[in-house]
Trainee: 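Got a structure for you, questions after.
Counting convention: from 1, in listed order, for ligands and their atoms alike. These numbers come from the heavy atoms of this one structure, side chains and all, not from hydrogens, waters or symmetry mates.
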Amino acid sequence: MKKTGTNIDAKSAAPRKAFIKTYGCQMNVYDSERIENMLSKEGYEITASPEEADLTVLNTCHIREKAAEKVYSELGRLRIIQAKQGETGQAMKIAVAGCVAQAEGEEMLRRASNVDVVVGPQAYQDLPELLKQDRKNAVRQDFAADDKFEALKKASQRNAPVQPAAFLTIQEGCDKFCTFCVVPYTRGAEYSRPVADLLDEAQNLVARGAKDITLLGQNVNAYHGATDAGGTETLSGLLHQLAEIGGIERLRYTTSHPKDMDEQLIAAHRDIPQVMPYLHLPVQSGSDRVLKAMNRRHGRSLYFDIVAKLRDARPDLALSSDIIVGFPGETDADFQDTLDLVETVEYAQCYSFKYSPRAGTPGAEREDQVPEEVKSERLAVLQHILNAQQLAFNQSKVGTTQPVLFERLGKKPGQFIGRTPYMQAVHIDVPYLSDPSAVIGRILDCHIQHAGPNSLKGALLQKDLPDVA
Ligand code: SAH
Ligand code: SF4
Ligand code: F3S
């Protein structure tokens with residue numbers, strides 16, 4: 001057993017330091033920023049090195065076995081740091097947050113003796129209090145999404161600058177219960193935040209420098225938030241309202257379920273100039289048989305219909321997806337259907353995974369699991385095609401001029417990195433520039449000169465060249 005009785009309130013005047021490490025999806029990134037705000041309010045300084053931390057928060061992901069196991073290897077590394085700290089009398093506490101915390105709860109305390117607090121994704125508001133509890137009382141797995149957002153809103157630092165491309169969680173949780181997926185268990189039932197809170201948060205993000213806002217939700221297009229007038233608003237309605245806020249130049253939303261892609265939302269891609277021509281619309285499989293076994297509630301023809309309508313509304317739309325290979329019972333013929341779907345849709349970008357059985361989900365119970373080597377072979381074949389599609393999409397932009405929102409400095413001196421409307425990373429070199437703010441945070445036209453699999457290279461148009469310092 002490690003140190004006990006380190007009352008964080010009773011420490012010396014030196015500011016306590018907190019290190020936060022984030023795994024998993026964009027929602028975890030959003031949550032970690034809120035946790036950071038909350039800890040700052042509690043008097044912590046945020047540090048990038050666990051060695052000097054008095055508190056480490058691991059914001060974890062449970063989606064596949066590999067993701068969940070990473071947490072335990074990290075806890076092993078932290079144990080070594082704790083031992084070193086012990087030599088100087090420093091004692092770091094460890095809080096495990098996020099989806100592994102929700103899924104494992106007390107089990108986590110048994111498996112890892114250096115964990116002090118276990119807090120699920122909808123109980124972050126309790127973190128400061130849990131840090132003061134004895135270990136045995138420091139597990140919280142309640143689903144209280146409204147409390148969470150209310151508390152996190154209060155903690156948000158409403159003046160600090162934000163990245164030019166910011167996230168805004170509008171919906172959390174999932175009622176779909178795909179048979180491979182842990183999210184409905186780790187994030188709970190669907191919850192939509194009220195419209196007024198979102199407009200307020202978006203306005204605040206713009207005031208702090210955001211130009212591109214990505215609305216987040218595990219099922220973002222199932223959004224149905226309360227309005228002040230006592231009704232509910234859909235995602236398309238919310239997009240229209242957000243587009244009215246001056247200063248939001250780009251709007252995106254992720255992740256959508258094909259079944260919730262309604263006509264109004266499709267029309268929003270045609271009617272709202274700020275809605276970017278890029279959509280992540282996971283299909284998971286191209287086989288009707290497998291889609292049914294996955295409880296996806298859509299077949300391939302519905303997916304094709306939606307894609308056709310979207311491209312009708314916005315001909316240059318770039319599509320991205322998630323695909324799982326080797327779901328239990330998947331045959332060669334099923335896999336061929338997936339390849340066929342991919343060839344037909346032509347993705348600009350796509351994530352692909354080997355099916356990972358997750359305890360407690362129906363897929364894991366099935367006896368017809370696909371052998372690991374078959375999954376690996378299928379994944380390699382699929383990825384070969386997806387990589388070629390991604391490269392082809394990137395190459396299709398060579399010779400064009402794209403408006404690029406510059407977000408950060410590159411690794412090389414004078415290099416800047418931004419994104420096209422289609423989410424492609426663009427690198428430019430402006431070596432003579434002394435003031436990065438002439439580029440970062442701005443949308444500038446770039447002539448695209450070269451395309452690789454993962455990024456583009458371009459140059460600013462003459463008219464946008466910043467003055468030589
Ligand atoms: N709708 C969610 C999906 C989250 S999970 C969202 O908001 O992003 C992201 C992707 O992980 C899924 O689309 C799916 O392709 C993949 N995934 C989920 N469970 C999986 C499992 N058990 N094995 C392999 N991949 C999985
Ligand atoms: Fe998981 Fe399916 Fe819900 Fe997405 S829609 S979070 S894949 S259960
Ligand atoms: Fe992972 Fe939880 Fe997100 S399982 S993908 S962190 S919702």
Trainee: Is the closest protein non-hydrogen atom to atom 3 (C) of ligand 1 under 4.0 Å?
Mentor: no
Trainee: Going by the order shown, which atoms of ligand 1 are within less than 4.0 Å of some heavy atom of K354?
Mentor: 23 (N), 24 (C)
Trainee: Quick one, C61 and C25 - any side-chain contact, counting heavy atoms below 4.5 Å?
Mentor: no
Trainee: Hey, what do you get for CG (L39) to CD (E45), rounding to the nearest 0.5 Å?
Mentor: 12.5 Å
Trainee: Side chains of Y44 and L55: does their closest heavy-atom pair fall under 4.5 Å?
Mentor: yes
Trainee: Quick one: which ligand 1 atoms are inside 4.0 Å of a heavy atom on G217?
Mentor: 7 (O)
Trainee: Within a distance under 4.0 Å of any heavy atom of I324, pick out the atoms of ligand 1 and give their elements.
Mentor: 14 (C), 15 (O), 17 (N), 25 (N), 26 (C)
Trainee: Does any part of the side chain of P277, heavy atoms only, come nearer than 4.5 Å to the side chain of H269, both counted from C-beta?
Mentor: no
Trainee: Does any part of the side chain of R77, heavy atoms only, come nearer than 4.5 Å to the side chain of E74, both counted from C-beta?
Mentor: yes
Trainee: Tell me whether the guanidinium CZ or amine NZ of R64 lies under 6.0 angstrom from the six-membered ring centre of F353 and within 45° of its axis.
Mentor: yes
Trainee: Using a strict cut-off of 4.0 Å, indicate which atoms of ligand 1 neighbour a heavy atom of Q284.
Mentor: 12 (C), 13 (O), 14 (C), 15 (O)
Trainee: Who's the nearest protein heavy-atom neighbour of atom 10 (C) of ligand 1, and how far?
Mentor: D322 OD2, 3.3 Å
Trainee: Is any protein N, O or S atom closer than 2.8 Å to atom 2 (Fe) of ligand 2, and if so, which?
Mentor: C178 SG
Trainee: What pair of heavy atoms forms the shortest contact from A144 to Q125, and how long is it?
Mentor: O-NE2, 4.0 Å
Trainee: Among all the protein's non-hydrogen atoms, which is closest to atom 16 (C) of ligand 1, and how far away is it?
Mentor: R64 NH1, 3.2 Å
Trainee: Return the option from C174, S356, G24 holding the heavy atom at the smallest distance from atom 22 (N) of ligand 1.
Mentor: S356
Trainee: Tell me the protein N, O or S atoms under 2.8 Å from atom 2 (Fe) of ligand 3, in chain and number order.
Mentor: C99 SG
Trainee: State yes or no: are the ring centers of Y355 and F327 separated by less than 6.0 Å?
Mentor: yes
Trainee: Would you call Y422 and Q349 a side-chain contact if the rule is heavy atoms closer than 4.5 Å?
Mentor: no
Trainee: Is NZ or CZ of R34 both nearer than 6.0 Å to the six-membered ring centre of Y30 and within 45° of the ring axis?
Mentor: yes
Trainee: Among D334, D337, D332, whose salt bridge (Lys or Arg N to Asp or Glu O under 4.0 Å) with R378 holds?
Mentor: D332
Trainee: Are the aromatic rings of Y223 and Y253 close, with centres under 6.0 Å apart?
Mentor: no
Trainee: Considering all heavy atoms of both residues, which atom of L319 and which atom of V307 are nearest to each other, and what is their separation?
Mentor: CD1-CG1, 3.6 Å
Trainee: Please report the shortest heavy-atom distance between T361 and C181, naming the atom on each side.
Mentor: CG2-O, 3.5 Å
Trainee: Tell me the nearest of M294, Q218, R358, E65 to atom 1 (N) of ligand 1, using heavy-atom distances.
Mentor: Q218
Trainee: Could you check whether the rings of Y191 and F149 sit parallel, tilted or perpendicular, using 30° and 60° as the cut-offs?
Mentor: parallel
Trainee: Can you tell me how far apart CG (D116) and CG (L131) are? Round to the nearest 0.5 Å.
Mentor: 8.0 Å
Trainee: Check for me whether P357 has a heavy atom closer than 4.0 Å to any atom of ligand 1.
Mentor: no
Trainee: What is the nearest protein non-hydrogen atom to atom 8 (O) of ligand 1, stated with its residue, atom name and distance?
Mentor: T255 OG1, 3.0 Å
Trainee: Could you pull out, from V283, I63, N219, the option with a heavy atom nearest to atom 5 (S) of ligand 1?
Mentor: I63
Trainee: Distance to 0.1 Å, residue and atom name: give those for the protein heavy atom nearest to atom 20 (C) of ligand 1.
Mentor: F180 CD1, 3.8 Å
